[in-house]
2 protein chains.
Amino acid sequence: MLNYSTSEENYIKAIYHLQKEGSVTTNELAAELQTRPASVTDMMKKLRTKKLVHYEAYKGFKLTIDGKKLALLIIRRHRLWEFFLAEKLKFSWDEVHAVAEDLEHVSSKKLIDKLDEFLGFPRYDPHGDPIPDANGKIETGKQVCLPDLPLNTTGIVCYVSDQSSAMLELLSHKKIGIGTKLEVKKKFSFDQSLEIKLRQQLATNISGDLAKNIFVKYDE
Amino acid sequence: MLNYSTSEENYIKAIYHLQKEGSVTTNELAAELQTRPASVTDMMKKLRTKKLVHYEAYKGFKLTIDGKKLALLIIRRHRLWEFFLAEKLKFSWDEVHAVAEDLEHVSSKKLIDKLDEFLGFPRYDPHGDPIPDANGKIETGKQVCLPDLPLNTTGIVCYVSDQSSAMLELLSHKKIGIGTKLEVKKKFSFDQSLEIKLRQQLATNISGDLAKNIFVKYDE
DNA sequence: TCTTTGTTTTAGATTTGTCTAAAAAATATT
DNA sequence: AATATTTTTTAGACAAATCTAAAACAAAGA
Ligand SMILES: [Mn+2]
Ligand SMILES: [Mn+2]
Ligand SMILES: [Mn+2]
Ligand SMILES: [Mn+2]
């Protein structure tokens, strides 16, 4: 794998995040990167000659296969460092991103693979986003705690942070367990309680305290 | 503390290493950094306006108080990362330097101080060089294993890596312990054995196997 | 002291990544 | 369809860090 500049890497990563499907426009990318449209055009020409983006004037751009591979490598670095900062250095969730933004550009393959191993091959970063593996494979979907699941979106329960018997008793009574599919129908700001609907069942209410401890996976 | 470019930091660190005492010349620094004398002159003018070096045309240069502080901060980052790579990620001694050369430029103060804490405030990097503390204080001298102690230089035993009873028996017989002052008089390449001299005693011989496990501190 | 040699600095060019202002193209409105 | 608006690209400039070639300076030798 060739070596790319910090600037090139930031562009590639930003395009990846913007191109859910279809292509990305000059203004979108300029806004994302806090730069000027003219700078974006310049960089797209460069990334085209390096075969990292498909680009024709006035027609937007998207990553090539190689571009996507590079993006996933940078995201892998970014999220592993975020995990390291939160887990080992006890940074809080909102502090990890800025530092990882710099660390992600240190490009030693061995460093990242050894770091991955040292961390125990974590699957999610501190924000619940999946971490690509050494081959660039990434799990689709996102892991969040229940209050952060968008309304009317199906989520699958994948983890419960509080495993006390009191908690498990409540869960089994509500018929919620690992693998349960559910949707959040309403969020009440007064007490953070949620109205949720389980597959083939009536809606039920759960407290904010309970919801905070339930983690779900969903497709973005 | 202001922020400096990777290039500026590499220059500052190189000057620190070259100016044991007295001042550094253009050609020396160009050789150290694998660059051209003209580039060095350009950079010296820039670092002078930033008050990091004392510099007058044709008269060499040395770090100001602020320049020295910055150098020690970069060296602190470098050596902490080296320790992390060797200790936690199981890199070998000869692999850590190149990666640390990049990591040292990530400038978050909190990152480095938390890393220091996570590592247990190590005092020496994997090459035996002392690590400056959070205030930039650095221990003078260097820690190496006995075969690496320069000939006829007084070293003080500060650590023994093999602490088996067989080993300690041999050491006490030779009257070598923590704090013992000694000099290496001769190195025999045939079997790596050494002829050493202890303070106020006759010279004695020790095997390569023993010598490898004895660490000494000395002034450069 | 004068001259030769080696070192250091200057002058001017290059690359990378950015910017502003103006022109060109695409899109939306009447 | 013609015109107005928005988006994108081009043209030209700039700062950072580097280079080569030439000029200026310092040190050493005759
Ligand atoms: Mn970044
Ligand atoms: Mn994240
Ligand atoms: Mn470096
Ligand atoms: Mn070292």
Side-chain angles (χ1 to χ4, degrees), chain A residues 1-16 18-19 22-63 67 70-71 74 101-102 104-107, chain B residues 1-16 18-19 22-63 67 70-71 74 101-102 104-107:
Chain A
M1 183 75 79
L2 269 141
N3 250 44
Y4 300 96
S5 73
T6 293
S7 214
E8 290 170 330
E9 292 190 345
N10 283 335
Y11 273 91
I12 290 293
K13 198 177 57 151
I15 296 170
Y16 180 91
L18 290 174
Q19 68 165 48
S23 66
V24 181
T25 68
T26 304
N27 275 356
E28 274 171 2
L29 190 51
E32 174 80 11
L33 290 170
Q34 311 242 64
T35 186
R36 297 293 176 175
S39 308
V40 171
T41 300
D42 288 345
M43 184 58 88
M44 288 312 105
K45 290 193 213 159
K46 182 152 61 121
L47 296 181
R48 178 176 53 191
T49 70
K50 296 195 176 184
K51 298 203 193 292
L52 294 172
V53 298
H54 297 292
Y55 167 59
E56 254 186 284
Y58 298 102
K59 291 189 175 170
F61 27 83
K62 56 180 180 182
L63 298 177
L70 177 57
I74 301 161
E101 205 56 50
D102 287 337
E104 71 186 358
H105 303 293
V106 175
S107 65
Chain B
M1 185 75 80
L2 270 141
N3 250 41
Y4 300 96
S5 73
T6 293
S7 214
E8 290 169 331
E9 291 190 346
N10 283 336
Y11 273 90
I12 290 292
K13 199 177 57 149
I15 295 170
Y16 180 90
L18 290 175
Q19 66 165 48
S23 66
V24 181
T25 68
T26 304
N27 274 357
E28 273 172 3
L29 190 50
E32 173 80 11
L33 290 170
Q34 311 243 63
T35 186
R36 297 293 175 173
S39 310
V40 171
T41 301
D42 288 346
M43 183 59 87
M44 287 312 105
K45 288 193 214 160
K46 182 149 65 114
L47 295 181
R48 177 177 52 189
T49 69
K50 298 196 175 185
K51 301 202 189 291
L52 294 173
V53 298
H54 296 293
Y55 166 58
E56 255 187 283
Y58 298 104
K59 291 189 176 168
F61 26 83
K62 57 181 179 181
L63 298 177
L70 177 58
I74 301 161
E101 204 55 51
D102 287 337
E104 72 186 358
H105 303 293
V106 176
S107 64

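Reminder, nothing fancy here: chain letters follow the sequence lines and each chain counts from 1.
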Q: Which part of the nucleic acid does B:Lys59 contact within heavy-atom distance under 4.0 Å: base, sugar-phosphate only, or nothing?
A: nothing
Q: At 4.0 Å (heavy atoms only), tell me whether B:Phe61 reaches a base, stays on the sugar-phosphate, or touches nothing.
A: nothing
Q: Rounded to whole angstrom units, what separation is found between the CD atom of B:Glu56 and the P atom of D:dC25?
A: 14 Å
Q: Between A:Asn27 and D:dT6, is there a contact of a side-chain N or O with OP1 or OP2 at under 4.0 Å?
A: no
Q: Distance only, no hydrogens: is a donor on one side chain within 3.5 Å (strictly under) of an acceptor on the other, for A:His105 and B:Asp102?
A: no
Q: For A:Glu8, which residues count as a side-chain contact (heavy atoms from CB on, under 4.5 Å) partner, sequence neighbours excluded?
A: A:Tyr4, A:Ser5, A:Met43, A:Lys46, A:Leu47, A:Lys50
Q: Quick one: A:Lys45 NZ to D:dT9 C1', roughly how many Å, whole number?
A: 7 Å
Q: Identify the heavy atoms of A:Glu101 and A:Asn10 that sit nearest to each other, and give their distance.
A: OE2-OD1, 3.6 Å
Q: Please report, rounded to the nearest Å, how far the P atom of D:dT9 is from the CE atom of A:Met44.
A: 10 Å
Q: Which letters describe nucleotides 20-27 of chain C, given B = protein heavy atom under 4.0 Å from base, S = only from sugar-phosphate, - = neither?
A: B---BSS-
Q: Tell me the closest heavy-atom pair linking B:Ile12 and B:Gly67, and the distance in Å.
A: CG2-O, 3.6 Å
Q: It should be established whether A:Thr25 places a side-chain nitrogen or oxygen under 4.0 Å from OP1 or OP2 of nucleotide D:dT7.
A: no
Q: Could you go through residues 22-32 of chain A and list every donor-acceptor pair under 3.5 Å that involves a side-chain atom there, pairing it with any protein atom two or more places apart or in another chain?
A:
unit_1, atom_1, unit_2, atom_2, d
A:Thr25, OG1, A:Glu28, N, 3.3
A:Glu28, OE1, A:Thr25, N, 3.1

Q: Please report the distance, rounded to the nearest Å, between CG in B:Leu33 and P in D:dC19.
A: 10 Å
Q: Expressed in angstrom and rounded to an integer, what is the separation of B:Glu28 atom CD from C:dG6 atom C1'?
A: 15 Å
Q: At their closest point, which heavy atom of B:Tyr55 faces which heavy atom of B:Arg48, and how far apart are they?
A: O-NH1, 3.1 Å
Q: Are OP1 or OP2 of C:dT9 and a side-chain N or O of B:Tyr55 less than 4.0 angstrom apart?
A: yes
Q: Does a side-chain N or O from B:Thr26 land closer than 4.0 Å to OP1 or OP2 of C:dT9, or not?
A: yes
Q: Check the distance between D:dA15's P and B:Met43's CE and give it to me in whole angstrom.
A: 16 Å
Q: Could you tell me whether a side-chain N or O of A:Glu9 sits under 3.5 Å from a main-chain N or O of A:Ile74, the two making a donor and an acceptor?
A: no
Q: Rounded to whole Å, how long is the line connecting atom CG of B:Asp42 with atom P of D:dA16?
A: 12 Å
Q: Just N and O in the side chain of B:Ser7: are any of them under 4.0 Å from OP1 or OP2 of D:dT18?
A: yes
Q: Counting only side-chain nitrogens and oxygens, does B:Tyr4 get under 4.0 Å of the OP1 or OP2 atom of D:dA16?
A: no
